[in-house]
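Remember, predicted model here, so these are calculated numbers, not experimental data.
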Amino acid sequence: QVRLVESGGGLVQPGGSLRLSCTTTRFRLDPYGIGWFRQAPGKERDWVGCISGYEDRTYYEDSVKGRFTISRDNAKNTVYLQMNSMKPEDTAVYYCATDLDSSGSYTCGTEEYEYDFWGQGTQVTVSS
């Protein structure tokens, strides 16, 4: 089964930073849109942001705008989620996913059903 692999989660104090990574050995990520989602305890999985398959345009949910940044390193076949100025409400399991229908698109999806392959998730806890 094709899966993406997330890493980089952990415990961070409020105001701190973490960088999550998303990669796979099964195919190239760079033609496709990649989304990041998160699921807090007892809540549904929510969209955090995404990077488009064409021109790497990025889009973010309002609560993370200005704090989170999504980028790619195509040489490493990896997409990153840089999280700064973190808050306790950022505590969640973070997932990346790829949309195989998004090659050549300036946009990327905000809904789970738009994505095909997912990672297993990585836990992020923001606490003092």
Side-chain angles (χ1 to χ4, degrees):
Q1 184 178 3
V2 177
R3 272 202 176 272
L4 306 183
V5 178
E6 303 97 338
S7 60
L11 174 64
V12 62
Q13 291 187 342
S17 299
L18 277 178
R19 188 178 74 165
L20 306 184
S21 301
C22 172
T23 190
T24 180
T25 60
R26 301 297 298 272
F27 56 91
R28 298 292 309 173
L29 293 177
D30 47 279
Y32 306 115
I34 303 295
W36 284 95
F37 292 76
R38 65 185 179 185
Q39 187 168 22
K43 296 187 177 181
E44 294 185 349
R45 188 157 56 183
D46 293 327
W47 177 76
V48 173
C50 61
I51 185 166
S52 69
Y54 188 65
E55 292 195 345
D56 290 346
R57 296 186 181 185
T58 54
Y59 304 87
Y60 301 96
E61 189 268 328
D62 285 347
S63 70
V64 306
K65 280 181 183 176
R67 301 190 299 122
F68 289 12
T69 303
I70 300 173
S71 62
R72 296 183 190 266
D73 183 336
N74 292 333
K76 295 183 179 180
N77 200 36
T78 300
V79 174
Y80 299 103
L81 176 64
Q82 177 68 45
M83 304 184 290
N84 299 328
S85 303
M86 296 187 71
K87 304 175 181 180
E89 50 264 44
D90 295 322
T91 295
V93 178
Y94 283 71
Y95 300 87
C96 65
T98 185
D99 175 4
L100 298 183
D101 290 328
S102 63
S103 178
S105 174
Y106 289 108
T107 63
C108 43
T110 62
E111 302 292 338
E112 290 187 52
Y113 72 84
E114 298 180 87
Y115 291 87
D116 305 287
F117 297 121
W118 291 77
Q120 80 289 350
T122 186
Q123 176 69 47
V124 171
T125 302
V126 185
S127 175
S128 55

- Minimum-distance pair of heavy atoms, taken over all atoms of W47 and T110: CB-O, 3.3 Å
- Query: Can the ring centroids of F37 and W118 be said to lie less than 6.0 angstrom from one another?
  - Reply: yes
- Task: Check whether any side-chain N or O of E61 sits under 3.5 Å from a backbone N or O of S63 as a donor-acceptor pair, and report yes or no.
- Result: yes
- Nearest non-hydrogen partners of S127 and P14, listed with the distance: C-CD, 3.6 Å
- Run the side chain to side chain contact (heavy atoms under 4.5 Å, CB included) check on S21 and S7 step by step: do they pass? CA-CA 5 Å; S21 301; S7 60; 3.7 Å; yes
- Taking the side chain from D116 and the backbone from L100, do they hold a donor-acceptor pair closer than 3.5 Å? yes
- Note on the structure: Tightest non-hydrogen contact, residues G33 and S102, listed as N-OG, 2.6 Å
- Item | Pairwise distance NZ(K65) to OG1(T58) - rounded to 0.5 angstrom | 10.5 Å
- Single-linkage hydrophobic cluster V12~Y94, side-chain heavy atoms < 4.5 angstrom: yes
- Query: Any idea which heavy atoms bring N84 and Q82 closest together, and the distance?
  - Reply: OD1-NE2, 2.9 Å
- Nearest-0.5 Å distance that lies between atom CZ in R72 and atom CD1 in I51: 5.0 Å
- Distance (rounded to the nearest 0.5 Å) between C96 SG and L20 CG: 9.0 Å
- Start with the C-alpha distance between Q123 and T91, add both sets of side-chain angles, then the distance that settles side chain to side chain contact (heavy atoms under 4.5 Å, CB included), and finish with yes or no. CA-CA 8 Å; Q123 176 69 47; T91 295; 4.1 Å; yes
- Item | CA sep, side-chain torsions, deciding dist, call: V64, R38, side chain to side chain contact (heavy atoms under 4.5 Å, CB included) | CA-CA 12 Å; V64 306; R38 65 185 179 185; 3.9 Å; yes
- Message: Looking at every heavy atom in both W36 and L81, which two are closest together, and how far apart are they?
- Response: CE2-CB, 3.6 Å
- Hphob cluster co-occupancy, V79 + V5, side-chain heavy atoms under 4.5 angstrom: no
- Hey, is the main chain of S85 close enough, under 3.5 Å, to the side chain of R67 for a donor-acceptor pair? yes
- Task: Determine whether more than 12 heavy atoms belonging to other residues, nucleotides or ligands lie under 6.0 Å from atom OH of Y54.
- Result: no
- Starting at OH of Y80, measure out to OG of S71 and round the result to the nearest 0.5 Å. 7.5 Å
- Message: If hydrophobic clusters are built by linking Ile, Leu, Val, Met, Phe, Trp and Tyr wherever their side-chain heavy atoms come under 4.5 Å apart, do L4 and I70 end up in the same one?
- Response: yes
- Item | D90 vs K87, salt bridge (Lys or Arg N to Asp or Glu O under 4.0 Å): CA-CA, chis, key distance, verdict | CA-CA 5 Å; D90 295 322; K87 304 175 181 180; over 6 Å; no
- Whether E6 side chain and G121 backbone form a donor-acceptor pair below 3.5 Å: yes
- Answer yes or no: is there a donor N or O on one side and an acceptor on the other, between the side chain of R28 and the main chain of N74, under 3.5 Å? yes
- Are F68 and V126 connected in the hydrophobic side-chain network, where two residues link if heavy atoms are under 4.5 Å apart? yes
- Task: To the nearest 0.5 Å, tell me how far Y115 OH sits from Y32 OH.
- Result: 14.5 Å
- Message: Return the CD1 to SG distance between I34 and C108, rounded to the nearest 0.5 Å.
- Response: 9.5 Å
- Task: Could you tell me whether E44 atom CD has more than 12 heavy atoms of other residues or ligands within 6.0 Å of it?
- Result: no
- Item | Stepwise side chain to side chain contact (heavy atoms under 4.5 Å, CB included) check, N77 with F27 | CA-CA 9 Å; N77 200 36; F27 56 91; over 6 Å; no
